2 protein chains.
Amino acid sequence: MTYQVKSTVEDTDLVEKRRGQIVTAATKLFATNGFFRTTIKDIAGLAGISQGLIYQYVTDKEDVLLLVLLDVLDGYARELPAAFEGIADPFGRAIAAIRAYARVVDRRRKATILAYRSTQSLSENRRAIIQNRELETNQILGTLLSECLTEGVIRAVNVDILTYQIVMMAHSWALKHWYFKSRFTLEQYVEHNLDLLFHGVLTETGKARWEGLRKPLLP
Amino acid sequence: MTYQVKSTVEDTDLVEKRRGQIVTAATKLFATNGFFRTTIKDIAGLAGISQGLIYQYVTDKEDVLLLVLLDVLDGYARELPAAFEGIADPFGRAIAAIRAYARVVDRRRKATILAYRSTQSLSENRRAIIQNRELETNQILGTLLSECLTEGVIRAVNVDILTYQIVMMAHSWALKHWYFKSRFTLEQYVEHNLDLLFHGVLTETGKARWEGLRKPLLP
DNA sequence: CCATCCTGATTGAACGACCGCTCATATTCG
DNA sequence: CGAATATGAGCGGTCGTTCAATCAGGATGG
């Protein structure tokens, strides 16, 4: 939780508070103007502190980006489990989680896009931290889906692929919002995708035809 | 094809040639270092021309980015139709197109990521040009899928949603390559996704259960 | 209870480096 | 020779980062 980001200030509460200010301001600015167009001065101004002070709580401008991205991913990991904790049945849990995931992405649409835009601007090791955090979140979904599989409600598909299909379905709502927003509500978007995902698109004729065109599934 | 990017040079062939050099160099540099970390000097150096000359063929650094992104999208639009032109049967055409699309994305993986990273760095109107071009490419796939629908090989799903599912499946191969590369080959990835897409994931039990959990599909 | 001191937090001016873009000049070629 | 094309030094501006100076507030001692 307290990240491997160094600070010269000892007082933990103060560090928490100041970083909170910095991250809140930086998220807003990065999301609208991008990482490179945002200056430390901008961040300091919006956070209500001086430029110099930021460097007591962070070593780099890149560190600010790391803190922002970690905060976004933490948001996912925090809000997801709450959505299905009351539900006993695995399939119900999975569906609640998927719908919740889409809602979380929708609420943080700009921040989600920011993650795609700027994770690559991080140095190798900082990027690895972010990717690991993403995997942890996806693991939550992956586990739920595995349980559906053992329950016999979904067939023996590759869970990794399935998980990423769902994750990308949610992310795409943010990434392609410029297209979807005038055509679907979030709920319509999600339910159409679930319908596709669960039933598939082929008719009986189609399924027969596909048998002649498919390639073997190896792993 | 010749874009709404201004040049002070008259000779059309020369413009084509110089822009080719510039775009090739810039694509390489943008893809590895990002738009903002790449300098005009870098581009000029790799293209084998002087900094000043770039501004005879382009008004802005942003213009270079626009040319690069248009080139990537043109690549899609050019290579896709070739993949299915010999095939008569709509379903076969659609499948050939999907597989080809994934291969094109794979070949231009870094450039595809670049598009996601930096389209937002463009000014409003230049971004609109890019988004339009993307829609045109997707339209190729959309048409193929509509034909499958009238052929009765796929059921009456929303073609917009289906198209974007497939597009994002291909893009995800690039976006999440850091995850997939150690787990699947491109072909495995695609075939698993097609299997999911075509047959759906639910078992018969699952389908019955889903009836109680689904929400109505409006549009 | 106040004056003094000290430590850690905070400020913002300034440094140094960088970079997009221009323009006076050079080169090329018909 | 002259028009079109090409060069690259340099201008003007920006921005990340540092650091000497200031401030706050608690401890100390009279």
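Lettering follows sequence order; numbering is per chain, from 1. For clarity, every value in this text was computed on a predicted model and none was experimentally measured.
Within the 4.5 Å cutoff, no side-chain heavy atoms of A:Val157 are placed close to those of B:His192.
Between B:Ile98 and the choices B:Leu194, B:Val167, B:Leu144, B:Leu80, the side chain to side chain contact (heavy atoms under 4.5 Å, CB included) rule is met once, by B:Leu194.
Nearest nucleotide to the B:Ser50 side chain, out of C:dG20, D:dG16, D:dA6: D:dA6. Considering only the side chain of B:Gln56, D:dA6 comes nearest among C:dT10, D:dA6, D:dT17.
To the nearest angstrom, P of D:dT22 lies 21 Å from CD1 of A:Ile49. Between A:Ile54 atom CD1 and C:dT10 atom P there is a gap of 12 Å when expressed in whole angstrom units. Residue B:Ile40 contributes atom CD1, which lies 17 Å from atom P of C:dC18 at whole-angstrom precision. Atom CG of B:Asp42 and atom C1' of C:dC19 are 10 Å apart (whole Å). Put simply, NZ on A:Lys41 is 14 Å from C1' on C:dC15, counting in whole angstrom units. For the pair B:Phe36 CZ and C:dG20 P, the interatomic distance rounds to 10 Å; values are reported in whole Å. Atom CZ in B:Arg37 sits about 13 Å away from atom P in C:dG20, given to the nearest Å. Between the CG atom of A:Leu29 and the C1' atom of D:dC15 there is a distance of 15 Å, rounded to whole Å.
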Verdict with supporting geometry, B:Phe36 and A:Phe35, ring-ring contact (aromatic ring centres under 6.0 Å, His included): CA-CA 10 Å; B:Phe36 289 101; A:Phe35 176 68; 9.2 Å; no

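Residue A:Thr38 is in sugar-phosphate contact alone, with no base atom involved, counting any heavy-atom pair closer than 4.0 Å across all strands shown. Looking at heavy-atom distances under 4.0 Å, A:Leu53 makes contact with a base.
For the pair B:Arg18 and D:dA6, the criterion of a side-chain N or O lying under 4.0 Å from OP1 or OP2 is met. The side chain of A:Tyr57 places no N or O atom within less than 4.0 Å of a non-bridging phosphate oxygen (OP1 or OP2) of C:dA9.
We find that B:Glu187 and B:Arg99 are not joined by a salt bridge, their nearest charged nitrogen and carboxylate oxygen being 4.0 Å or further apart.
Between A:Tyr116 and A:His171, the ring planes are perpendicular. Angles over 60° get that label, and only those under 30° would be called parallel.
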